[in-house]
There are 2 protein chains.
Amino acid sequence: MTAEETTLLRHTLTQVAPLSDAAWNDVQPLFRGRMLAAGDYFAQAGEHPTELAFVVEGALRSFYRTDEGNEYNKTFFTRGTFVGALAGLIQNTETYINLQALEASRLLVTDYRTFTALYNRHHDLERIARRVIEIEWVKKEHRELRLVLCSAEERYVYFREEHPDLELRIPQYHIASYLGITPVALSRIRRRMVQDGPSERQQIPRTS
Amino acid sequence: MTAEETTLLRHTLTQVAPLSDAAWNDVQPLFRGRMLAAGDYFAQAGEHPTELAFVVEGALRSFYRTDEGNEYNKTFFTRGTFVGALAGLIQNTETYINLQALEASRLLVTDYRTFTALYNRHHDLERIARRVIEIEWVKKEHRELRLVLCSAEERYVYFREEHPDLELRIPQYHIASYLGITPVALSRIRRRMVQDGPSERQQIPRTS
DNA sequence: TGCTGTTCTTAACCTCGGTTAATGCGCCCT
DNA sequence: AGGGCGCATTAACCGAGGTTAAGAACAGCA
């Protein structure tokens, strides 16, 4: 773990709510650096997840795989975000979500139970955790509204605004899966957009 | 506020995580009873929300209204649940969500800022808040998966399992809106189901 | 009793996205 | 150079759900 990496982690935590030096001194040694190659899994459906990570470099996706083997990309994770099989960690159950590196990625990894145990000693840390999950909840609400109220083309435009860097780094079928459509449909949409120009879209409140 | 009402509130909080008597003694006086008639609003889009409520009796819906006046029912709230324009409360901004009573409803209402200020004095209260929002996050994840991976018919079946009491109490167009379809489509689905019997459905992990 | 408003149903037509399959393109390998 | 592979595109067809509009059932009420 380089100084730059821990600084990014500390900075990210502090941005959410104040973090005391005492809490940080307990938090910092819990994390270990880890490299993932493209295609490597950080968590797999059916496993009981135990780890939480912070992305320093690279990109990951969380996805759900149906019984028939279809995949739905739920979220993309890039530099400065936390990644983990949250539902499994929170409920202390097996996860049904897969977490996979889309490219070579650098993570800071901690044991989730050990981390949350610190909440007892450091109230400020639990406050940060509360704020983080609240913010994530709001993001989920926005995503829900887009899924229901926006066309696939509108969702595609939003994706490009949300992840301007990602579009060129990952294959289009991953983007299609994130939008909840097939690669064929995304290709049609892209053609329509270059021919006719992007059409007007619903104003769904923005995250951040 | 009757004793039965405060008992339900305390019981609901305690189920999430331990609640000290000291914290409860500070929490309890913050809440005031309020009745809503069917159709009354607890929060309206464009307002800056300040209140959080606990449903003791009745039913409410949260919904988003598009620029064209179309409504999408995001959630139903019934006895024993918390209701509020969460995104607005959390981010201290105007809300884009409406909260409306679907039938005569009894709420216990508190000022959100006053309530969250208690987190400073009572760590256990902030823990409960963290757990509550975590659980809500998991519910949102499940809803997202259903929206993307399940057909309208499958979502309808899930709705009936999730709210077995509600189906008979509220008009079908509210259910259709919750499912993200039109009343016409729901009517078609209902006919298909009584004729052919409900079809097989995707196994999306259950909430609760 | 009839009028009115609300909700649900049904039918006819249309659109968007799914499905399947063929084609093309770039890239890696030997 | 040639073969193979992964990915994007395109076309043809299909089906779920949207749209519009017309009835049916029912309740409230003068």
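Hydrogens, waters and symmetry mates play no part in the numbers below; they use all other heavy atoms, side chains included. Every chain is numbered from 1, with letters handed out A, B, ... down the list of sequences. Because the structure is a prediction, the values reported are computed rather than measured.
- Among D:dT9, D:dT19, C:dG18, the nucleotide with an atom closest to any side-chain atom of A:T182 is C:dG18.
- Look at B:R190 and you won't find any side-chain N or O under 4.0 angstrom from OP1 or OP2 of C:dT10.
- The side chain of B:V184 lies closest to D:dT20 when the candidates are C:dG17, D:dT20, D:dG18.
- Remark: P of C:dG17 and CG of A:L179 are 10 Å apart, rounded to the nearest angstrom.
- Considering only side-chain atoms of A:Y173, the nucleotide from D:dG17, D:dA8, C:dC8 that sits closest is D:dA8.
- The separation between A:I189 atom CD1 and C:dG17 atom C1' is 8 Å, rounded to whole Å.
- Each of B:S187 and A:G180 was assigned the nucleotide of DNA chain C with the nearest heavy atom; the assignment lying further toward the 5' end belongs to B:S187.
- When all heavy atoms are compared, the tightest approach of B:A59 to B:R169 is CB-NH2, 3.7 Å.
- At least one test fails for A:R127 against the ring of B:Y119: distance under 6.0 Å to the centre or angle within 45° of the axis.
- Counting to the nearest Å, the P atom of C:dG17 and the CZ atom of A:R191 are 13 Å from each other.
- Distances were taken from every side-chain heavy atom of A:I181 (C-beta onward) to each of C:dG18, C:dT9, C:dT7; the shortest belongs to C:dG18.
- Nucleotide C:dC8 holds its C1' atom 15 Å from the CG atom of B:L168, rounded to whole Å.
- Distance, B:L186 CG to C:dT10 P: 12 Å, rounded to whole Å.
- Using a 4.0 Å heavy-atom cutoff across all strands shown, B:R188 reaches at least one base atom of the nucleic acid.
- A cation-pi arrangement is present between A:R61 and A:F63 under the rule of less than 6.0 angstrom and at most 45 degrees off the ring axis.
- Cation-pi geometry between B:R143 and B:Y178 is met: under 6.0 angstrom from the ring centre, within 45 degrees of the axis.
- Whole-Å rounding puts the B:R169 CZ to C:dT7 P distance at 17 Å.
- Comparing C:dT10, D:dG18, C:dT7 by their closest approach to the side chain of B:A185 singles out D:dG18.
- As rounded to whole Å, 12 Å separates atom P of C:dT15 from atom CZ of A:R192.
- B:E154 places its CD atom 12 Å from the P atom of D:dA16, with the value rounded to the nearest Å.
- A side-chain donor from one of B:E144 and A:Y72 sits under 3.5 Å from a side-chain acceptor of the other.
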